Amino acid sequence: MSAEGRGSSLESLWKKRSQAFRKETMPYWRYMSMSGFPAFLSLFVISGILGYFKLIRDLPPHFPITAVGVIVLTLAISWTPLRTWLAPADTVFLMPREGEMGSYLKASYRRSTIMTVLFSAVMLLLYVPIYRQGAAPAHWLVIVGGAALLRAANLWGGWKERKLAWPGMRRLLRIARWIATAIVLYVWLTYVPWQSAVFTLFVVALFTFAYRLPSSHRFPWERMIEEERTTHKRYYTFFGMFIDVPTLPSPIARRSYIAWALRLVPYSKRHTFVYLYLAALLRTEMGGILIRLLLLGGLVTYWIAEDASLSGWGAPLVYALFMLVLSVQLGGLRQVHRHSVWKHVYPLPDSQRIGQYTKVDRMALTVIAVLLAFPLALPLLIQGYYAPVAATAAAMLAYIAIRPSRIKKKLRKEEDDD
């Protein structure tokens, strides 16, 4: 078979795997669409659109135009996902054809480029009307051209980082690439075009030299397989918010900044499931998702509260929306040990499992609700809006009070179904 024919067969393999994944996840998308999540997402998008048009119509005089542009565009441009559909068995069956993997990767990069360019374009188009209300040392089309160059440079840098042999060096250069992208964007937004272009070329040359220093693989099989496994897990973590999904190996993270909470659990048989559920919450990807959602929710809530939207009632609405998402995500914790074999092997107090799980759920929800309430309460109280804060506190306490009984009903129903 010719080289062209072999490349074509690998590209067809990529298409088959892509179609298989879509077919595999389609039922879960249907279940998700039947939940209330699309309605919530639509409400969130509509609220965001209304807030955006209000912002660009009445932009505050001291609005941080450059800072906002650097943050938003850095997140959009530096993101370099790559779906390869590779599996562990490919190190046996496809590795002998490593020299022909160019066509396979070309399909992956075509998909990644289209997706990330569209996302970056949307973020850029949203930012341009804000940018034009500031000093704007360069024409907005020049900014678009500079962003396109940075997008291409980040795709190239992301591939170079995947090929690096040492994880520590990979993380270091990735962080450096994100920081460098932010600095270059700042230069493009604040300096004249020729100065920005010269500085960009200097940074690209510097990274070209830096990527050559560490040892690297010719083709990063293990890294791409690990990325694919992580992406696959994230999809099923998301679907798990709406329906039972196949159990996948969960990546474990120590998270030393919060691991001290486990030491607060008394060492006794009465607290066995408290420890197990709390450890799962703190160490699995679910905990990471909750932390990221909490940070995002705190930031958005603070912005709305500081602006005193809807006479101070806009922040409680945003607070309620994020609490809904966080509580749904937290509810997935009950599935962690549902089908574990060790419950029937070790002499654990299974009769106490429901009570101890609701204890962990109530404790975690209380911590989340209080932390998310701070960025809402402080700006509103300073501005004298006491009623929205009091209503939020009352609703929060009421929900925390009624949630355990609802959780217990769900757990008992699941036990009867099992």
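Here the structure is a predicted model, which is why all the values come from computation and not from measurement.
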* Asked: Checking side chain to side chain donor-acceptor pair (under 3.5 Å) for the pair Thr230/Arg234: CA distance, chi angles, key distance, verdict?
  -> CA-CA 6 Å; Thr230 301; Arg234 287 172 179 167; 6.0 Å; no

* Please test Phe199 against Tyr191 for ring-ring contact (aromatic ring centres under 6.0 Å, His included), starting from the C-alpha separation and ending with a verdict. => CA-CA 10 Å; Phe199 183 75; Tyr191 288 82; 8.4 Å; no

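The main-chain N or O of Glu161 is never found under 3.5 Å from a side-chain atom of Arg177 such that the two would form a donor-acceptor pair.
Between Phe21 and Tyr235, the ring planes are perpendicular. Angles over 60° get that label, and only those under 30° would be called parallel.
Other residues, nucleotides and ligands contribute only 12 or fewer heavy atoms inside 6.0 Å of the CZ atom of Phe202.
Thr200 and Trp188 share a side-chain donor-acceptor pair at under 3.5 Å. Remark: the Thr366 side chain and the Arg362 side chain contain no N/O donor-acceptor pair separated by less than 3.5 Å. There is a side-chain donor-acceptor pair under 3.5 Å between Arg97 and Ser9.
Taking all atoms of both residues into account, the shortest heavy-atom contact from Pro193 to Ala138 is CG-CB, 3.9 Å. The two residues Ala308 and Tyr385 come nearest to each other via the heavy atoms CB-CE1, 3.7 Å.
Note that Arg17 lies outside the cation-pi zone of Tyr104, set by a 6.0 Å cut-off to the ring centre and a 45° limit from the axis.
When each of Glu227, Glu226, Glu228 is tested with Arg162 by the rule salt bridge (Lys or Arg N to Asp or Glu O under 4.0 Å), just one qualifies, namely Glu227.
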Please output the side-chain donor-acceptor pairs of residues 71-82 that fall under 3.5 Å, not counting sequence neighbours, one pair per line with the distance.
{"unit_1": "Thr74", "atom_1": "OG1", "unit_2": "Val70", "atom_2": "O", "d": "2.5"}
{"unit_1": "Ser78", "atom_1": "OG", "unit_2": "Thr74", "atom_2": "O", "d": "3.0"}

